[in-house]
Amino acid sequence: MKITAPISSHAEVEPLVRAGATELYCGVVPPDWVQRFNTSGVNRRVFGNLNGYADLERVVEKAHALDAAVFLVLNAQQYGEQHLDALTGIAERFRSIGGEAAIVADVSLIASLAANVPDLAIHVSSVATCRNVESARFFAGLGARRIILPRDVTVGEISAISAALPELEIEAFVLNDGCVFEEGSCHTVHLPMSKGGPICIDNYAFEYRTAEGNTPAPRALRRLERNDQDYKRWLWYRFGNGFSVAPNGYPWGPCGVCAMPAMHEAGVHSVKIAGREGASERKIRSVELVAAVLRQIESGESEAEVREFAVGLRDAPGHCASGYMCYYPEKRGSACEGEASPQSAAVLESAD
């Protein structure tokens, strides 16, 4: 099982590969794209992209020197017809410098790349929300080599797809970034922060009224307030525990390392670390954490032993006990039992 890590600079290639990544993915915003379309929206990240083809060539050169593969992200949900030729040209150039695969969600672009750049592998982005066997079979028929599964699939769904379509590589999220919605169906409105910010963050201060326009009874208000606090706590976990880290530098946030033994058993090809726009140190420590768990699996440790090891790496089992960090909560075990960490409550109280 491989580790797939994000990069936003050629300087990150060597430390990430040394930490244990064997596949790297990146975005690029070519100057001619900006000039032609007056937007930087080549992919779904405005930040965390390489600056141009020269940077992309350096990334590929450095990665190949270390026996690592490089994938290019072209993963907007939909592109306009006027974009397809330009995107196909970007993919052709990427392949000409040795890039291995494009990460794509739009079906029209998948078809264009399969027809025009046939030796560039197609990895179906999680944004395409491929989450069952028949959907995976559809994309395989279009020429996909790999399916990157959405964040909120189950281990059972992962195993079913892998078993039914062994010719397809399966990639699953394992660390960092938790989309509040199903990311492929996300059309969130980004309001000014004074109005609440993005819907997925939702900082709006609610004022509750009954159907008749009166103030609710005290008991009802207390229940509504508890619900709001629980929601804020859940959001804090989904957004990387406030993008905080453990004392040893390992990142907190959405995590699926306890499910890695089951993924390994199911034949998952690679586990994905999210966060192209993140700080370099966070990416490196993320890879180190996942690599440490993978070594335990490859050494023959049992699933329970791996889970206990994984939870102990950050030495704060309360976060795991909350249940809010788990990509795959069905794989939580006794190592995660206990009281939820007071750290999240303290953060929420300070924010109120």
Side-chain angles (χ1 to χ4, degrees), residues 1-33 42-43 45 47-75 87-104 113 117-123 125 144-146 148 169-176 249-251 260 264 268-295 297-299:
M1 193 158 63
K2 298 179 181 295
I3 298 172
T4 306
I7 60 168
S8 56
S9 165
H10 62 82
E12 294 174 335
V13 172
E14 184 170 353
L16 286 172
V17 175
R18 300 294 184 203
T22 52
E23 299 176 338
L24 306 172
Y25 65 97
C26 60
V28 66
V29 182
D32 54 341
W33 174 279
V42 182
N43 56 69
R45 287 286 185 270
F47 305 105
N49 291 299
L50 303 176
N51 291 323
Y53 290 121
D55 271 2
L56 187 59
E57 289 183 21
R58 292 184 73 180
V59 164
V60 173
E61 181 181 0
K62 285 186 169 186
H64 287 181
L66 296 167
D67 295 323
V70 181
F71 310 144
L72 182 64
V73 181
L74 303 170
N75 70 335
L87 290 162
T88 302
I90 291 172
E92 288 174 333
R93 184 156 183 175
F94 177 60
R95 181 59 189 141
S96 74
I97 62 175
E100 280 83 5
I103 300 173
V104 189
L113 296 184
V117 200
D119 56 342
L120 180 67
I122 295 171
H123 294 180
S125 170
R145 181 179 299 176
R146 178 182 298 191
I148 305 170
E169 296 177 358
I170 301 298
E171 182 176 311
F173 281 93
V174 76
L175 201 65
N176 296 340
Y250 287 143
M260 285 175 60
H264 189 269
V268 167
H269 181 85
S270 63
V271 287
K272 186 186 191 82
I273 295 169
R276 281 189 284 135
E277 69 280 13
S280 296
E281 181 63 20
R282 185 177 181 88
K283 296 173 190 174
I284 294 165
R285 298 296 280 165
S286 295
V287 173
E288 290 175 348
L289 186 155
V290 176
V293 176
L294 184 56
R295 284 194 295 271
I297 296 168
E298 292 176 340
S299 70

- Thinking salt bridges, do Glu92 and Arg95 make one under a 4.0 Å N-O criterion? no

CG of Leu16 to CD1 of Ile284, rounded to nearest 0.5 Å, is 5.5 Å

One should read off an interatomic distance between Leu74 CG and Ile90 CD1, to the nearest 0.5 angstrom, of 6.5 Å

d(Arg93 CZ, Leu72 CG) to nearest 0.5 Å is 12.0 Å

Side chain to side chain contact (heavy atoms under 4.5 Å, CB included) with Ser270: of Met1, His123, Arg146, Glu169, only one passes, and it is Arg146

Sorted by chain and number, sequence neighbours left out, salt bridge (Lys or Arg N to Asp or Glu O under 4.0 Å) with Glu14 holds for Arg18

All heavy atoms of Ser286 vs all of Pro251, minimum pair found to be OG-CG, 3.2 Å

State whether the number of non-hydrogen atoms from other residues, nucleotides or ligands found under 6.0 Å of Glu277 atom CD is greater than 12.
yes

Lys62 meets the side-chain contact (heavy atoms from CB on, under 4.5 Å) criterion, sequence neighbours left out, with His10, Val13

Subject >> Lys283 side chain to Arg276 backbone, donor-acceptor under 3.5 Å >> reply: yes

The reported gap from NZ in Lys2 to NE2 in His269 (rounded to nearest 0.5 angstrom) is 5.0 Å

When every non-hydrogen atom of Gly275 is compared with those of Tyr25, the smallest separation belongs to N-OH, 3.8 Å

dist Arg282:CZ -> Arg285:CZ (nearest 0.5 Å) comes out at 12.0 Å

inquiry  = Checking Leu24 against Val17 for the side chain to side chain contact (heavy atoms under 4.5 Å, CB included) test, could you report, in this order, the C-alpha distance in whole Å, the side-chain angles of both residues, the deciding distance, and whether it holds?
reply    = CA-CA 8 Å; Leu24 306 172; Val17 175; 4.1 Å; yes

In this structure, CG of Asp32 is separated from OH of Tyr53 (nearest 0.5 Å) by 5.0 Å

Minimal heavy-atom distance between Ile7 and Glu12, with the atoms involved, is CA-OE1, 3.2 Å

Side-chain touch Ile273/Ile3, heavy atoms, less than 4.5 angstrom: yes

*Do Arg145 and Glu100 meet the salt-bridge criterion of a basic N to acidic O distance under 4.0 Å?*
no

Heavy atoms of Leu113 and Thr88 approach each other most closely as CD2-CA, 4.0 Å

Between Leu50 and Ser9 the two heavy atoms that sit nearest each other are CD2-N, 3.7 Å

- Message: Run the side chain to side chain contact (heavy atoms under 4.5 Å, CB included) test on Val42 and Leu87 for me, step by step, so that the C-alpha distance in whole Å, both residues' side-chain angles and the decisive distance to 0.1 Å come before the verdict.
- Response: CA-CA 8 Å; Val42 182; Leu87 290 162; 4.2 Å; yes

For Val60 and Gly99, the nearest pair of non-hydrogen atoms, with its separation, is CG1-N, 4.3 Å

